[in-house]
Novice: 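There's a structure below that I have some questions on.
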Amino acid sequence: MSQSISKVLTMSPSDETVSVSGWVRTKRSSKNVAFVALNDGSTIRNLQLVIDVDKGYEGLNEEVMAKVTTGASLCASGKLVASQGSGQAVELLCEKISVQGVADPDEYPLQPKKHSLEFLREIGHLRFRTNVFGAILRVRHAMTFAIHKFFNDRGFYNIHTPIITGSDCEGAGEMFRVTTLPEHNPPLLDDGKIDYAQDFFGKATNLTVSGQLEGELAAMALGKIYTFGPTFRAENSNTSRHLAEFWMIEPEVAFADLTDNMNLAEEFLQYLIGYALENCVDDMDFLSKRYAEEEKLKPQAEREEMTLLEKLEFVRKNAFERITYTQAIEILMNCTPNKKKKFQYPVERWGIDLQSEHERYLVEKHFKKPVIVTDYPRENKAFYMRVNPDEKTVAAMDILVPGVGEIIGGSQREERFEVLKERAAEFKIPLESIWWYLDIRKYGSVVHSGFGLGFERLLMFITGMTNVRDVSPFPRTPKSAEF
RNA sequence: UCCCAAGUAGCUCAGUGGUAGAGCAGUCGGCUGUUAACCGACUGGCCGGGGGUUCAAGUCCCUCCUUGGGAGCCA
């Protein structure tokens, strides 16, 4: 059984035989000796194999070495020795190599050089073998683990909310229909519409766009819950920040108001950043260097002043700015870009939706740190958000971060039965379709709050990647579901 | 869905109406320990698809497809 390269790299030279398995990244050979950089995914670091053809070890001949090419898989064993070269502390002096699977150099698309992220997206089945995706996926795993740890340590229960939902009032965009009705000639009603009463569930069903409403039900009994699952949006969004299938974390807390909610969200983000910095040192270091190289390509004026690691450290250590929507509008109305008519959407009055350019100005130019904007106009936000005493705004909060924009959206929920019914009516949501959601306000209703964090957006922020397709192993976007 | 840009060798790109190029990769050879090794030679093209203008189109026009950036919607 071979040992992981991450472990081998921490070992000291000894006479014991060490076995490793992995994929060849590069091979460099001269007349008498060859060097192979081997990676097994356990770490971004490679183990250097030294193959001395002259030593006459069995199987270490030119025929075998010809199969050792970039991309080939092999098992190797030998003695771990102090390296004569300067790039690594130890290296494996090979006594035996068995090539498991060859990779024809004429065809294998990955070369030992920098490839564009666009090209790597086209070879999504092989891009796992690159440094950048290895790093991202190890960080992605670490973040998954840290999310469960954060909530578990604080007494939250993980709830699996449904992926197939009969609720069509979640109000978060277009949904994917789930049906077993025949493609051709489905049963129809008299008015020509499809008769979903004959469908699998006896009604029209879709893939979920949010687990929040169901999460609220659980929070009304278990107190503190969170969901962490896939969500689906059938929006025709063609941007670097949207996926049709993405993962979302949605905590919901009973007896918590909007301030508690903001405190939780801020502590959560800072915890996750800290976890990545402390537990993914090699990968984060690599990603920070990659980020710095990307920044160098930008014009001076658009460059980040801080490295990725510095930026994350800054966000982790400094309190987020908290402002109301009304204050945000005042800042934006009086800011230079607005007065000089630099905004595509001028800020002229209270009540407008904040556009991407406005959010970016607040975060990147005005405050230069994450900003929590609260208390939005009631017309602009979902029906379940609690109406404030001023009757004009709701207890909503959005967390905006540099580079990514909105990373968290949340609110205190409307817990008052009568008010919630009125709000649902305002949004033309049939009350009978959410009878169970309303019931929760009828029986033992409590003040409660929650938020949603887009997992891939979190990863973009932490890894410094600028396209969401590069932080998901299998991105689903309009016209694209190849792998 | 809208706006803009781009599709030329396996990859990254140059080629602005007149014989299709470079670097890297690959192959072969060389090199006494390399670090995306180095040195030399060779190989490699329906110039995204279709249609048009022209004596002549990679280059100009139309159209479709794909990709990227921005916008909307949002996480």
Side-chain angles (χ1 to χ4, degrees), chain A residues 25-37 45-54 66 69-71 81-88 91 93 103-123 126 130-131 170-174 209-212 230-250 265 298 343-345 353-357 359-360 380-382 398-401 404-410 451-461 466-472 477-480 482:
Chain A
R25 286 294 175 79
T26 62
K27 179 175 77 169
R28 297 174 291 274
S29 54
S30 58
K31 198 172 185 180
N32 299 318
V33 66
F35 301 90
V36 171
R45 294 168 189 263
N46 300 325
L47 177 65
Q48 174 155 286
L49 309 182
V50 183
I51 297 123
D52 199 334
V53 181
D54 276 354
T69 59
T70 300
V81 299
S83 179
Q84 294 174 33
S86 58
Q88 56 284 315
E91 60 194 15
L93 196 55
D104 184 347
D106 284 333
E107 291 176 24
Y108 188 63
L110 279 174
Q111 301 163 11
K113 67 169 214 171
K114 189 181 159 74
H115 285 295
S116 69
L117 294 168
E118 291 84 354
F119 173 65
L120 293 176
R121 274 172 223 148
E122 291 172 17
I123 50 167
L126 295 172
T130 62
N131 282 334
E170 286 166 344
E174 293 297 311
V209 292
S210 163
Q212 181 202 317
T231 46
F232 308 87
R233 306 276 167 93
E235 298 285 355
N236 191 11
S237 297
N238 293 289
T239 79
S240 54
R241 303 181 307 283
H242 289 87
L243 292 171
E245 175 182 304
F246 63 100
W247 288 65
M248 192 153 63
I249 299 102
E250 296 178 288
K298 294 185 189 169
F343 284 147
Q344 191 187 339
Y345 297 87
D353 273 318
L354 294 184
Q355 307 291 329
S356 292
E357 57 181 347
E359 295 179 350
R360 271 210 309 277
N380 303 6
K381 288 291 184 180
D398 284 354
I399 302 188
L400 314 173
V401 296
V404 179
E406 186 183 339
I407 195 169
I408 279 180
F451 62 81
L453 167 70
F455 187 48
E456 282 78 10
R457 295 234 176 131
L458 169 78
L459 287 171
M460 288 172 76
F461 184 60
T466 53
N467 193 314
V468 73
R469 296 171 183 89
D470 297 328
V471 298
S472 169
T477 53
K479 302 272 184 294
S480 171
E482 181 66 23

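Just so you know, these numbers use all the heavy atoms, side chains as well, and skip hydrogens, waters and symmetry mates. Per chain, numbering begins at 1; letters A, B, ... match sequence-line order.
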Novice: Atom NZ of K114(A) to atom P of C24(B): distance rounded to whole Å?
Specialist: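 Distance check: K114(A) NZ to C24(B) P gives 18 Å.
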
Novice: Is there a donor on the side chain of E235(A) or the base of G72(B) sitting less than 3.5 Å from an acceptor on the other?
Specialist: no

Novice: Which of these, R457(A), R233(A), E235(A), sits in a side-chain contact (heavy atoms from CB on, under 4.5 Å) with H242(A)?
Specialist: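 Of the listed residues R457(A), R233(A), E235(A), the side-chain contact (heavy atoms from CB on, under 4.5 Å) partner of H242(A) is R457(A).
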
Novice: Return the nearest nucleotide to the side chain of R28(A); candidates are U34(B), C74(B), G72(B).
Specialist: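 Looking only at side-chain atoms, R28(A) lies closest to U34(B).
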
Novice: With RNA chain B as reference, determine whether T69(A) or S29(A) sits nearer its 5' end, using the nearest nucleotide of each.
Specialist: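 Closest to the 5' end, via its nearest nucleotide, is T69(A).
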
Novice: Taking atom types as modelled, find out whether E456(A) and S472(A) have a side-chain donor-acceptor pair closer than 3.5 angstrom.
Specialist: no

Novice: Mind checking who A22(B) pairs with, Watson-Crick or G-U wobble, both distances under 3.5 Å?
Specialist: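 Its partner is U12(B).
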
Novice: Which of these nucleotides, U66(B), G33(B), G10(B), is closest to any side-chain atom of F35(A)?
Specialist: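 Nearest to the side-chain atoms of F35(A), counting from C-beta on, is G33(B).
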
Novice: Categorize S30(A) for me: base, sugar-phosphate, or nothing, with a 4.0 angstrom heavy-atom threshold over every strand shown.
Specialist: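 Result for S30(A) = base.
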
Novice: Kindly point out which of A75(B), A36(B), G10(B) is positioned nearest to the side chain of R457(A)?
Specialist: A75(B)

Novice: Which of the following nucleotides, G69(B), A75(B), C73(B), is nearest to the side chain of S237(A)?
Specialist: C73(B)

Novice: What is the distance, to the nearest angstrom, from the CD1 atom on I408(A) to the P atom on C74(B)?
Specialist: 17 Å

Novice: When you measure only distances, ignoring hydrogens and angles, does the side chain of Q111(A) come within 3.5 Å of the base of G10(B) through a donor and an acceptor?
Specialist: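 Yes.
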
Novice: When you measure from the side chain of S240(A), which nucleotide among G69(B), U32(B), C73(B) comes out closest?
Specialist: G69(B)

Novice: To the nearest angstrom, how far is F232(A) atom CZ from A75(B) atom P?
Specialist: 16 Å

Novice: Counting distance only, does the side-chain N/O of E357(A) pair as donor-acceptor with the main-chain N or O of Y345(A) below 3.5 Å?
Specialist: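 Yes: the side chain of E357(A) pairs with the backbone of Y345(A).
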
Novice: Both S356(A) and M248(A) contact RNA chain B. Taking the nearest nucleotide for each, which residue is further toward the 5' end?
Specialist: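 Going by which nucleotide is closer to the 5' end, it is S356(A).
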
Novice: Measure the distance from CZ on F246(A) to C1' on C74(B) and round it to the nearest whole Å.
Specialist: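 Checked: the CZ to C1' distance equals 8 Å.
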
